[in-house]
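In what follows, every chain begins at residue 1, and chains take the letters A, B, ... in the order their sequences are listed. As the structure is a computational prediction, the values presented were derived from the model and not from experiment.
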Amino acid sequence: MSVTRKNYPFPEFEARWQKHWLEAGAFRATNPGDPDFRTDARKYFVLDMFPYPSGDGLHVGHVEGYTATDILARYHRLKGDNVLHPMGWDAFGLPAEQYAIKTGQHPRITTQRNIDNFRGQLQSLGFSYDWSREISTTDPEYFHWTQWIFLQLYNAWVNPTTNRAESISTYTGEDPDSVRLAFVSDKPVNWCPELGTVLANEEVVDGKSEVGGFPVERRPMRQWMLRITAYTERLITDLDGLDWPESIKLLQRNWIGRSEGAEVRFSLEGLEEAVTVFTTRPDTLFGATYLVLAPEHPLVETITPSAQAEAIIAYKKSCSAKSDLERTDLAKEKTGVFTGAFAINPVNDEKIPVWIADYVLTGYGTGAIMAVPAHDERDHEFATTFNLPIRSVVRADEPQGEKTQGCFSGTGTAVNSGLLDGLRTPEAKSKIIPWLEERGVGRGTITYKLRDWLFSRQRYWGEPFPIIWENGSHRPLTPEDLPVEPPEMEDFKPTGTAEPPLSKATEWVRYSETASRELNTMPQWAGSCWYYLRFCDPKNPERFISKEAEQYWMGRTGTPGGVDLYVGGTEHAVLHLLYARFWHKVLFDLGHLTTPEPFQRLVNQGMILGDDGQKMSKSRGNVVNPDAVVAEYGADSLRLYEMFMGPLEHGKPWSMTGVEGVYRFLARVWRMAMRENQEGNWVLSEDLAEQELTSAQRRVLHATIKKVTQDIESLSFNTAISQMMIFTNEFTNAKPRPLEALRLFLPLLSPFAPHLVEEIWSLLSAKFAGFGGLASQSAWPSWNEDYLIVDEISYAVQINGKVRGHLIVPTGADKESVEKAAFADPLLAEILEGKEVKKVIIVPGRLVNIVLA
RNA sequence: GGCGGUGUAGUCCAAUGGCAGAGACAAGCGACUUAAAAUCGCUCCAGUGUGGGUUCGAGUCCCACCACCGCUACCA
């Protein structure tokens with residue numbers, strides 16, 4: 001830390017103002033019904049992705065997003081809005097539990113310590129959160145309602161006629177458990193032996209766990225699932241009405257992975273069973289030269305003649321032995337075995353062989369494909385490896401040249417395809433589907449990549465399920481039984497088997513003589529799926545959110561989303577943001593919410609890189625600790641620097657000298673009002689005076705109000721700061737300095753550097769009029785366009801687009817007089833000597849372009 | 001491999017299709033100072049990754065390529 005004297009005395013006042021704001025409740029949002037609720041104010045709900053309180057503390061990446069939202073929150077307060085700007089903790093999760101296992105400390109203790117640390121760090125940055133609304137997902141008063149929402153899911157189904165969730169009591173079929181939105185499944189799941197838990201598809205990357213990078217294998221286990229697939233269409237179409245980055249919408253659409261195509265039934269030679277395949281290219285049916293089933297396909301045993309049985313069993317064994325990691329590693333080499341069975345192609349009655357291969361996945365489509373090696377790369381590779389026939393049935397529009405070796409997977413014209421010959425690919429598709437349907441051998445259909453959400457984990461540190469098992473069947477607890485708190489346990493280590501750690505709490509597990517509790521817990525995502533709702537009404541003991549609070553904070557007219565602005569990192573594009581939308585829609589369908597979408601406007605902050613341009617990491621040694629920056633340069637400098645680095649959405653490298661730059665700027669602002677006297681104390685500057693602004697000063701001031709206002713609205717904080725630097729450069733040396741400039745400027749700076757502004761504001765209010773109260777609660781200034789007008793404008797004079805001279809004309813001159821003035825210029829006359837003018841283009845206020853023949 | 005994003009001064013970054021520079025960092029010079037720091041003032045530097053195209057006019061729009069970053073990956 002520097003021992004030199006600070007350029008401005010931030011250590012003397014930053015902590016003081018933080019304390020003052022907190023004690024005064026300066027940033028408290030009011031709900032309808034509160035005594036000081038203002039009915040005339042508009043609501044503004046600006047939300048951060050609440051952090052997981054890790055032991056490492058706050059990262060400069062957190063600070064970036066949190067500063068952006070804090071600026072918006074403070075800006076909207078100054079505009080008079082009722083601003084909801086809350087903070088909380090996503091505190092269940094694997095790292096806390098693993099740390100607890102390592103150190104023997106209960107996760108509740110370490111989590112509480114980390115939360116206290118995070119809260120202290122956030123408060124030291126002056127963020128204007130309404131701390132009276134703080135929540136933690138691990139608090140029983142909070143997860144009470146997480147469990148309640150699970151019961152809503154358990155007790156609901158999506159009625160196919162309305163395509164909306166409703167009470168399970170409206171279901172008239174025989175097996176309600178087959179349609180519940182929360183259900184039990186025995187399908188193969190992602191099991192991570194190292195972590196001792198199962199994981200959602202979204203948590204598995206390259207066959208490894210997203211947390212820790214441990215190998216993940218597939219094995220069948222009894223697990224709770226959430227039927228997110230019932231919402232695929234709405235999760236896609238409702239993206240349209242949201243003000244989100246297109247790239248994030250695209251990520252979600254791709255993750256949901258909608259594919260239009262057809263299912264086609266291939267009968268099997270000598271057998272009653274048939275194989276149904278899914279294809280997006282039914283127009284290539286005539287080019288299908290073999291079928292492939294996934295090794296786990298249920299028909300494999302049935303269709304395999306005894307002669308082949310051994311080879312098939314051996315292959316299946318080798319596949320299941322492979323972890324997902326190995327399967328992806330070996331992606332290039334296609335493997336497979338002929339089953340010995342043959343299928344009949346329904347379009348031409350051709351007899352084609354049936355193979356099994358692990359490049360066909362059991363979970364997608366029907367788990368079986370028709371292979372068209374001439375027009376699908378994977379099929380082509382497989383057919384080449386195993387010497388299977390390749391038949392071309394689509395002619396490319398353009399000759400493929402040398403690439404006769406490869407396959408053509410684009411669209412073109414059907415050939416060698418009987419009734420489809422001569423048709424373009426889209427027409428061929430729409431002709432063959434009705435043809436298949438008429439003959440009962442196929443139908444048009446849509447499949448999705450999105451699978452149901454695996455919702456249970458074999459962990460201790462998570463929400464217990466409000467479920468009881470008795471005689472092998474499950475039933476829900478009632479809302480009166482909530483919350484279900486986890487048992488106090490000394491030993492919460494994973495058991496090393498699929499048996500969850502809660503099984504060791506035998507007292508807790510036993511619910512009655514014959515019934516026992518569900519032993520799994522919910523995944524970390526559960527708590528973050530609805531926390532934004534709880535912020536609206538965090539203390540309500542009766543409901544997860546009151547009707548009034550929900551309608552007020554989440555209601556919007558004309559748009560589907562409730563939260564006005566949501567800022568966070570891209571890493572949640574397909575996890576949290578998809579899960580939260582799903583829960584929100586279920587609660588909406590069940591009548592608990594008024595909007596169909598949770599987040600209207602979403603912004604992703606870019607990643608802050610180390611000063612070497614690399615991702616910050618401990619191993620690279622390029623991590624910047626926000627606490628150290630605050631200690632050396634102050635909270636305002638850190639906030640301002642992170643906003644000045646560049647566009648919010650972009651990745652940008654850290655630069656300590658850049659921090660010094662904004663620090664010097666803040667010191668200049670300080671010296672606009674303050675002067676250091678002989679004794680080395682800061683006193684109000686004698687240059688300050690109630691003085692009329694010059695027209696040049698007034699122009700800069702109002703241009704600054706305009707630019708900062710517009711740039712905050714568009715989240716262009718870096719250019720807003722740049723404009724405030726222009727203002728400061730203009731005014732630091734002005735003598736006398738008009739107080740009016742500070743009255744209007746300080747509120748502009750206060751969302752960015754709130755401590756500094758608050759301090760100057762209070763020092764000025766002691767001596768001058770018009771600075772009363774807190775700067776954080778003053779008013780946002782407005783600008784006057786008239787003050788921005790200048791008397792004369794310089795026009796560029798171009799010949800054929802090249803600048804050749806300049807021209808000063810009075811503001812507001814019409815095109816004709818500008819043109820006249822341009823031609824009156826003797827320099828121009830010289831250049832134009834003997835040339836023919838073809839065209840004159842005049843851009844008002846900017847330039848004259850003379851086009852010569 | 002696919003998708004998305006970004007390429008502008010030594011560096012970070014600005015520029016509704018209209019004079020490439022708002023701001024900052026770094027560098028240099030000067031003022032103040034016994035000196036230094038701090039502060040103040042001034043100065044320097046690119047024709048916008050490459051190649052085409054559209055246009056009176058392109059950093060900006062279109063096409064192709066290159067580089068870097070991010071996401072995704074046998075999804076039929």
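Comparing atom distances between the A/Leu847 side chain and each of B/rC13, B/rC19, B/rA76 picks out B/rC19 as nearest. The side chain of A/Trp255 has B/rU72 as its nearest neighbour among B/rU16, B/rU72, B/rG23. The side chain of A/Tyr359 sits closest to B/rC74 out of B/rG4, B/rC74, B/rC19. Candidate nucleotides B/rA76, B/rA14, B/rA26 were compared by shortest atom distance to the side chain of A/Thr657, and B/rA26 ranks first. Of the candidates B/rC74, B/rG18, B/rC19, the closest approach to any side-chain atom of A/Asp358 belongs to B/rC74.
Residues A/Ser259 and A/Tyr364 meet the side-chain proximity criterion, which asks for heavy atoms closer than 4.5 Å. Looking at A/Arg671 and A/Ser685, their side chains never come closer than 4.5 Å, going by heavy atoms from C-beta outward. Within the 4.5 Å cutoff, no side-chain heavy atoms of A/Phe644 are placed close to those of A/Phe665.
Distance check on atom C1': B/rG52 versus B/rC69 gives 27 Å, rounded to whole Å. The separation of B/rC63 from B/rU55, taken at their C1' atoms, amounts to 16 Å, rounded to a whole angstrom. Comparing the same atom, C1', in B/rG10 and in B/rG28 gives a spacing of 13 Å after rounding to whole Å. Nucleotides B/rA58 and B/rU48, compared at atom P, are 12 Å apart to the nearest Å. The same atom, P, is picked in B/rU50 and in B/rA36; the two are 44 Å apart, to the nearest Å. Taking atom C1' in both B/rG59 and B/rC13, the straight-line distance is 14 Å, to the nearest Å. For B/rC74 and B/rC68, the P atoms lie 24 Å apart once the distance is rounded to whole Å. Taking atom P in both B/rA15 and B/rA9, the straight-line distance is 15 Å, to the nearest Å.
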Please produce a list of atom pairs where a protein N or O lies less than 3.5 Å from an N or O of nucleotides 39-44 of chain B.
residue, atom, partner, partner atom, Å
B/rU39, OP1, A/Asn7, ND2, 3.2
B/rU39, O3', A/Arg671, NH2, 2.7
B/rC40, OP1, A/Arg671, NH2, 2.9
B/rC40, O3', A/Asn733, ND2, 3.1
B/rG41, OP1, A/Asn733, ND2, 3.1

Give me, pair by pair, the N or O atoms of the protein and of nucleotides 55-64 of chain B that are less than 3.5 Å apart, along with how far apart they are.
residue, atom, partner, partner atom, Å
B/rC56, O2, A/Asn849, ND2, 2.4

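For A/Tyr641 and B/rA24, the OH to P distance is 15 Å, given to the nearest whole Å. Here B/rA37 presents its C1' atom at 13 Å from CD of A/Glu676, a figure rounded to the nearest Å. Nucleotide B/rC25 holds its P atom 19 Å from the NZ atom of A/Lys652, rounded to whole Å. Between A/Glu381 atom CD and B/rA76 atom P there is a gap of 17 Å when expressed in whole angstrom units.
Glycosidic conformation of B/rG47 is syn; the angle stays within 90° of 0.
With sequence neighbours left out, A/Lys838 forms a salt bridge (Lys or Arg N to Asp or Glu O under 4.0 Å) with no residue at all.
Taking a pair to require two hydrogen-bonding distances under 3.5 Å in either a Watson-Crick or a G-U wobble arrangement, B/rA31 pairs with B/rU39. Within the shown strands, nothing qualifies as a pairing partner of B/rA15 under the Watson-Crick or G-U definition with both distances less than 3.5 Å.
Between the side chain of A/His650 and the base of B/rC13 there is no donor-acceptor pair of N/O atoms closer than 3.5 Å.
In this structure, the side chain of A/Ser716 does not engage the main chain of A/Thr719 through any donor-acceptor pair within 3.5 Å.
Between A/Ser794 and B/rC19 there is no side-chain polar atom (N or O) within less than 4.0 angstrom of OP1 or OP2.
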Take A/Arg258 and A/Glu260 through the salt bridge (charged side-chain N to carboxylate O under 4.0 Å, His left out) test and state the conclusion after the steps. CA-CA 7 Å; A/Arg258 183 182 198 274; A/Glu260 280 185 43; 2.9 Å; yes
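Both A/Arg846 and A/Met370 sit near RNA chain B, but only A/Arg846 has its closest nucleotide nearer the 5' end. Nearest-nucleotide positions on RNA chain B place A/Met645 closer to the 5' end than the other of A/Met645 and A/Ala796.
Distance check: A/Lys706 NZ to A/Leu748 CG gives 14.5 Å after rounding to the nearest 0.5 Å. Note: A/Thr384 OG1 to A/Ile390 CD1 = 4.5 Å, rounded to the nearest 0.5 Å.
Residue contacts for A/Phe644: at a heavy-atom cut-off of 4.0 Å it reaches a base atom on one of the strands shown.
In terms of heavy-atom proximity, A/Ala753 sits nearest to A/Leu666 at CB-CD2, 3.8 Å.
Of the residues listed (A/Thr362, A/Val300, A/Val360), the one engaging A/Leu293 in a side chain to side chain contact (heavy atoms under 4.5 Å, CB included) is A/Val300, and it is the only one.
Side-chain atoms of A/Thr229 and A/Asp452 form a donor-acceptor pair, as typed in the model, at a separation below 3.5 Å.
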